[in-house]
Number of protein chains: 2
Amino acid sequence: MLILLVEDDAVLAAQTIDFLNAEGIEVDYAATLSHAKEIAAQTASFDKYDAIILDMSLPDGNALSLLQQSLAGFDAPVLFCTAATDLDDKLAAFAAGALDYITKPFALPELAVRVKLLAGKVSKCNQVFELGSLHVDFSAKIVKRGERTIVLSPQQWQLLALLAEQAPAPVNKAQILRHIWPDSEVNNNMYKSLLTRLRHNLSRDNEPSVIQTLKGQGVALRESS
Amino acid sequence: MLILLVEDDAVLAAQTIDFLNAEGIEVDYAATLSHAKEIAAQTASFDKYDAIILDMSLPDGNALSLLQQSLAGFDAPVLFCTAATDLDDKLAAFAAGALDYITKPFALPELAVRVKLLAGKVSKCNQVFELGSLHVDFSAKIVKRGERTIVLSPQQWQLLALLAEQAPAPVNKAQILRHIWPDSEVNNNMYKSLLTRLRHNLSRDNEPSVIQTLKGQGVALRESS
DNA sequence: CTATACTGTTACCTTGTGGTTACCATGCTA
DNA sequence: TAGCATGGTAACCACAAGGTAACAGTATAG
């Protein structure tokens, strides 16, 4: 994951970069508007970035212009960031195409979360999960094994989503029952059937199932080992 | 566009509803957690909503539980809203699956913008869409298969546009009904007829339809595989 | 004014899901 | 070793969800 940070305050920028790096996010850095434009020119676009954090007030001009420019051609989602709390500024930023907005001073963890969300939102692949030969796209609701698309029922989707969320930690029976049948007191057997069916759909001969049972602790989504 | 507002402060809620209505956003309203759950139970899910605004502190419990319960099951994006500025609260909300977060007091225009962004209404709309031998030009409102132009009725066009916007993610029945018949309470069957008609117009012998049904999850525009 | 097409409605058919039951395998304990 | 708990599989079936065709009312165009 790679983002572009455009920010004139060197101290804040350094802190931000450190924090995002620690979160596993690579950061390219531009201190000025002209520098940002240079980068855009070099890479032919901002396409390579998963997101752009843009400080509104830069020494060599207002960042809105960059936003308007970049939006025409490029897909990278923009998070605006400024000291101003003025509502008009915010609305202007959104109108210009910003997808999120955060006011200084902000907490770095929040920034990180918002950046991650942003990077996922536009790529539409925010929730993609890979496991062995299995490819799961939660937003598009597609499961693929290689080229073959696997069709899952709604309940099976719910279960798979739950397992993937917690993976590779196990999920116990009570959690699953509560999650899929929140109201009704249901039979254990339904849970067993559901599991069997999901396993069957995800299975391939020779290969052990990616859904493993840990006796007494629940089931977990993980590669066989 | 329809959203669900869960908020215990009646005055704030009324203001919010008025403002959003003026922006062309319909609002369902729940004052308590239990009421929200009732709505979820009635509608079988929150699928019908384009977004949910959730106040964190409700008289009958913390709203996080609602979020966690229903996350895997419902698709509606959640905007959290609370008086607390505590970072931990924010992070907890994001961790629970919220896609945005706004602290009180907030400006209504900003809320409206964020809701619209969340609902995806402001997302980049591609002008041209290609799928297999199908070529759809949204600005010119032309569908072609190879050299042959396909003529679609207004409703069919609306549906195709909606599907293409979300593709390859599925669009569920509630969304389609609301999108094409915004006011009237209509029969399920109209939706079925419309789908059949669109399928028929887009179909070519031998080739499976590009409109695929995922039982219980809606229909999606994608290539067969 | 007639003809055509679009939309709403009904009826009927097909399919797959999900709930249920029965039965088998394993492993632990008395 | 029997007995029991836990987990897995298969088969069954009611029923809801989805698909199609046909028909009627109403626009719209020529």
Side-chain angles (χ1 to χ4, degrees), chain A residues 141 143 149-163 170-177 179-205 208-221 224, chain B residues 42-45 47-48 72-73 141 143 149-160 163 170-203 205 208-221 224:
Chain A
K141 302 214 170 163
V143 194
T149 303
I150 299 172
V151 180
L152 295 182
S153 77
Q155 279 189 342
Q156 288 169 37
W157 257 109
Q158 278 188 278
L159 178 55
L160 181 61
L162 179 62
L163 292 175
V171 181
N172 65 40
K173 183 164 33 174
Q175 284 175 300
I176 295 178
L177 288 174
H179 197 262
I180 300 188
W181 298 275
D183 16 68
S184 60
E185 280 294 320
V186 283
N187 198 325
N188 274 350
N189 300 321
M190 271 160 50
Y191 148 83
K192 294 200 291 181
S193 288
L194 176 58
L195 242 185
T196 297
R197 285 163 178 157
L198 181 57
R199 274 210 182 91
H200 179 257
N201 279 335
L202 297 183
S203 77
R204 190 165 57 178
D205 12 43
S209 173
V210 289
I211 299 177
Q212 295 185 2
T213 301
L214 297 117
K215 250 197 166 170
Q217 317 196 30
V219 287
L221 207 58
S224 52
Chain B
Q42 277 172 20
T43 61
S45 72
D47 277 358
K48 60 185 285 203
K141 299 215 171 187
V143 194
T149 302
I150 299 173
V151 181
L152 294 181
S153 77
Q155 280 189 341
Q156 287 170 38
W157 181 262
Q158 274 188 279
L159 178 54
L160 180 61
L163 291 175
V171 181
N172 65 40
K173 183 164 40 175
Q175 288 175 306
I176 295 177
L177 287 174
R178 197 152 30 76
H179 191 258
I180 300 188
W181 298 275
D183 13 69
S184 61
E185 281 292 321
V186 282
N187 198 325
N188 274 351
N189 301 320
M190 269 160 52
Y191 147 85
K192 295 199 290 183
S193 290
L194 176 58
L195 243 184
T196 298
R197 286 161 179 158
L198 180 58
R199 274 211 181 90
H200 179 257
N201 280 336
L202 296 183
S203 77
D205 10 44
S209 173
V210 288
I211 301 178
Q212 294 186 3
T213 300
L214 298 139
K215 252 199 164 171
Q217 328 211 38
V219 286
L221 207 59
S224 52

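Every heavy atom of this structure was used, including side-chain atoms; hydrogens, water molecules and symmetry mates were not. A, B, ... follow the sequence lines: proteins, then strands. Residue 1 opens every chain.
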* **CA sep, side-chain torsions, deciding dist, call: Leu160(B), Leu221(B), side chain to side chain contact (heavy atoms under 4.5 Å, CB included)** => CA-CA 8 Å; Leu160(B) 180 61; Leu221(B) 207 59; 4.0 Å; yes
* Do any side-chain nitrogens or oxygens of Gln156(A) fall under 4.0 Å of OP1 or OP2 in dT17(C)? -> no
* Presence of Trp181(A) side-chain N/O under 4.0 Å of dG19(C) phosphate oxygens OP1/OP2 -> yes
* Asked: Taking the side chain of Gln155(B) as its heavy atoms from C-beta onward, which of dC6(C), dG18(C), dG8(C) lies nearest to it?
  -> dG8(C)
* To do: In sequence, state the C-alpha distance, the side-chain angles, and the governing distance for Gln156(B) and Leu159(B), and then conclude on side chain to side chain contact (heavy atoms under 4.5 Å, CB included).
  => CA-CA 5 Å; Gln156(B) 287 170 38; Leu159(B) 178 54; 5.7 Å; no
In whole angstrom, give the distance that lies between atom [atom1] of [X] and atom [atom2] of [N].
X: Leu194(A); N: dG16(C); atom1: CG; atom2: C1'; result: 15 Å
X: Leu198(A); N: dG18(C); atom1: CG; atom2: C1'; result: 14 Å
X: Ile180(B); N: dT7(C); atom1: CD1; atom2: P; result: 10 Å
X: Asn201(A); N: dG18(C); atom1: CG; atom2: P; result: 11 Å
X: Gln158(B); N: dC6(C); atom1: CD; atom2: P; result: 14 Å

* Asked: Are side-chain heavy atoms of Leu177(A) and Lys173(A) found at a separation under 4.5 Å?
  -> yes
* To do: Compare all side-chain heavy atoms of Val143(B) with those of Leu202(B) and state whether any distance is below 4.5 angstrom.
  => yes
* Structure fact -> A correct 5'-to-3' footprint of nucleotides 13-30 of chain D, with B, S and - meaning base, sugar-phosphate only and no protein heavy atom under 4.0 Å, is ----BBBBBB--------
* Could you go step by step and tell me if Gln155(A) and Trp181(A) meet the side chain to side chain contact (heavy atoms under 4.5 Å, CB included) rule? -> CA-CA 10 Å; Gln155(A) 279 189 342; Trp181(A) 298 275; 3.3 Å; yes
* Taking only residues two or more places apart in sequence or in another chain, which ones pass side-chain contact (heavy atoms from CB on, under 4.5 Å) with Arg199(A)? -> Leu195(A), Ser209(A), Ile211(A), Thr213(A), Val219(A)
* From Gln212(A) CD over to Leu163(A) CG, what is the distance, rounded to the nearest 0.5 angstrom? -> 11.5 Å
* Structure fact -> Rounded to the nearest 0.5 angstrom, the CH2-CD1 distance for Trp157(A) and Ile180(A) is 13.0 Å
* Residue pair Ala220(B) / Pro170(B): nearest heavy atoms and the distance that separates them -> CB-CA, 3.7 Å
* What is the bend of the helix from dC1(C)-dG30(D) to dA30(C)-dT1(D) when you compare the axis at one end with the axis at the other, using five pairs each and rounding to 10°? -> 20°
* Between Ser153(B) and Val151(A), just flag the one whose closest nucleotide in DNA chain C comes earlier from the 5' side. => Ser153(B)
